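Worksheet: one structure, shown below.
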Amino acid sequence: MLEPILPNVLAVKRIPHASADVLRAYGADPSKHTSLGLITCDQDDSLYVALDEATKQSDVDVVFGQSFYAGASHASGRLSGEVLGVLAGADPQIIEDGLTATLRCLAHDACFYDADGKGTVTVFPHVISAVGRYLAADLGVAVGEPIAYLVAPPLEFVVALDAALKAADVRSLKIITPPTPTNFACAYLTGVNAGDLAACEAAATAFAAAVVDVALQPTR
Amino acid sequence: MSRTRSLMAQLRHARGENAPLVPTMPLPRVEAPPARVYVPARETTSTTAAAAAKHTTALLGIGHVGTRYATDVVLQFQAELAVAHSAVAAELPDEWAAQHGFLPLQSQATSHREFLLRPDLGRRLHPDSLARLRKDAQRGPQNGANERTLGAGPDVQLILADGLSAIACMGSGEQLFAATKAACAARGLSVGTPVCAKFARVWLQDEIGAEVGAKVAIILLGERPGLGTGDGLSAYAVYGPKIGNTDGERNMMSNLHARGIAPEEAAPRLAALAAAMIAQGVSGVKLDLTGIGAGGREYRAPQVRERLVVRDA
């Protein structure tokens, strides 16, 4: 129970000098972006956290990050997984630094956890101690704030989110209820007091514990 | 160790799960920075390079600071590159040719960008320009449908053109054109109607020269800018201009600018070249250059590199 389920990186490609139409189509700005880095992975939320990490270690911008319908088990191809992330930067070295940070984070930090000992219920109770430019812009918080990035299947999520909000002095930044592309539900929490990392950690721990409880006793 | 992973490990332990977890991959080792620290003083090791640098504008004997160039060398390089970039980016205004007494012509390139990307279009005249050339330029008598006998027209057809540097064309182009025209006239060669071609490549001289039936066509055009030299002209001369001539049939002079070969120096040499072509009936590699005697083979003081960046003492 609660063993890490490591994300698998399925494809990593670089385009040193992308054409303007491709840059525009994926949300980049041809006047400041030249190069692209592409990555697919079988865990969407882990990749979002890793892309955010890249914005802290490199000048890359995350211009595209979308989950695919029905998740990795129903991918359109062997290399598709459940998410495509696109990094854009002014030169290939920036992309290289961004991809290095992304891969490092996927290997060592962001991952789902097994909530029932069989891998049939999973939970993503991730704490980001200092949020990067990508998620900060999406959530409307200052860069560097701690956040808890919480993901679970639909019913487990409701119980667990309630437990997380009651466990510590936290507030929600954004709650995404199902149906979603992968049909998981998601919430982003931060401390009521700015910079309260301990509150985020307590909330994430309570969230994970509540998902485990539901998984072990789903009908009682 | 990941913060979230240690939290989950604690929670797992608190719930009574004590089976060991699969160890995570070790973090890659971060290389230590190089121990050697460079002092920011110019090091010059080669006296030979420094001596050679006095005779050329090439980047010789510029020294180094550690493994890098000195700052003023880098700034000078960037400034010179900027000069070259802006020369390539410059476009000859449409009205410039007419205002300066030239018959305005244009190649088949319709925009500056297209001109840069499509050398083939720059080598042929636009239909409107072709019609204007046939109507307004001095030409030899007709021989069949728009065919002209070689030499039925003027001895020399001079063409001014923008080429890859409109700045050079507008700068010393007119002066070089006038000087060359006068030098040809002084040798008794007749010179055709002054024409100025926009978006022109060298080979455009073949079509223009053939249309007017000139013996020799000389095109004076802005040359590909180099470091710090955006105002250089090149002159290409060909005997018997006709579409299909190759570069083996051309003679050329480059670096025609104030710091290289000045217009007044270049003009008599171009006229001598044209006279030799007409006398021998060939041009290019077949042309015998011995005994032309137009100068240019004696010692010439080296060019001086223009300082665009001044180094603080």
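First the proteins, then the strands, lettered A, B, ... as listed; each starts at 1. All heavy atoms count here, side chains included; hydrogens, waters and symmetry mates do not. This one's a predicted model, so the numbers in the text were calculated from it and none came from an experiment.
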Quick one: closest heavy-atom pair of [X] and [Y], and the distance?
{"X": "A:M1", "Y": "B:R12", "value": "O-NE, 2.8 Å"}
{"X": "A:A208", "Y": "B:L11", "value": "CB-CD2, 3.7 Å"}
{"X": "A:S129", "Y": "B:R3", "value": "CB-CD, 4.4 Å"}
{"X": "A:D109", "Y": "B:R5", "value": "O-NE, 3.3 Å"}

- Task: Pull out the residues in residues 152-169 of chain A that come under 4.5 Å of chain B, heavy atom to heavy atom, sorted by number.
- Result: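 Listed by number: none.
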
- Would you mind checking which part of A:L6 comes under 4.5 Å of any heavy atom in chain B, side chain (CB onward), backbone (N, CA, C, O), both or neither? side chain

- What part of A:A148 lies closer than 4.5 angstrom to a heavy atom of chain B: side chain, backbone, both or neither? neither

- Quick one: which residue pairs count as a salt bridge (Lys or Arg N to Asp or Glu O under 4.0 Å) with a foot in residues 75-86 of chain B, not counting sequence neighbours?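 Found B:E80-B:R305.
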
- Please round to the nearest 0.5 Å and tell me the distance separating atom CZ of B:R15 and atom CG of A:D213. 4.0 Å

- Message: Applying ring-ring contact (aromatic ring centres under 6.0 Å, His included), can you list everything that pairs with B:H100, at least two apart in sequence or on another chain?
- Response: B:W96

- ring-ring contact (aromatic ring centres under 6.0 Å, His included) with A:F124: which residues, sequence neighbours excluded?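 Once residues adjacent in sequence are excluded, the partners of A:F124 under the ring-ring contact (aromatic ring centres under 6.0 Å, His included) criterion are A:F112, A:H126, A:Y149.
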
- Task: For residues B:M8 and A:P4, determine if any side-chain heavy atom of one lies less than 4.5 Å from a side-chain heavy atom of the other.
- Result: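 No - every pair of side-chain heavy atoms lies 4.5 Å or more apart.
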
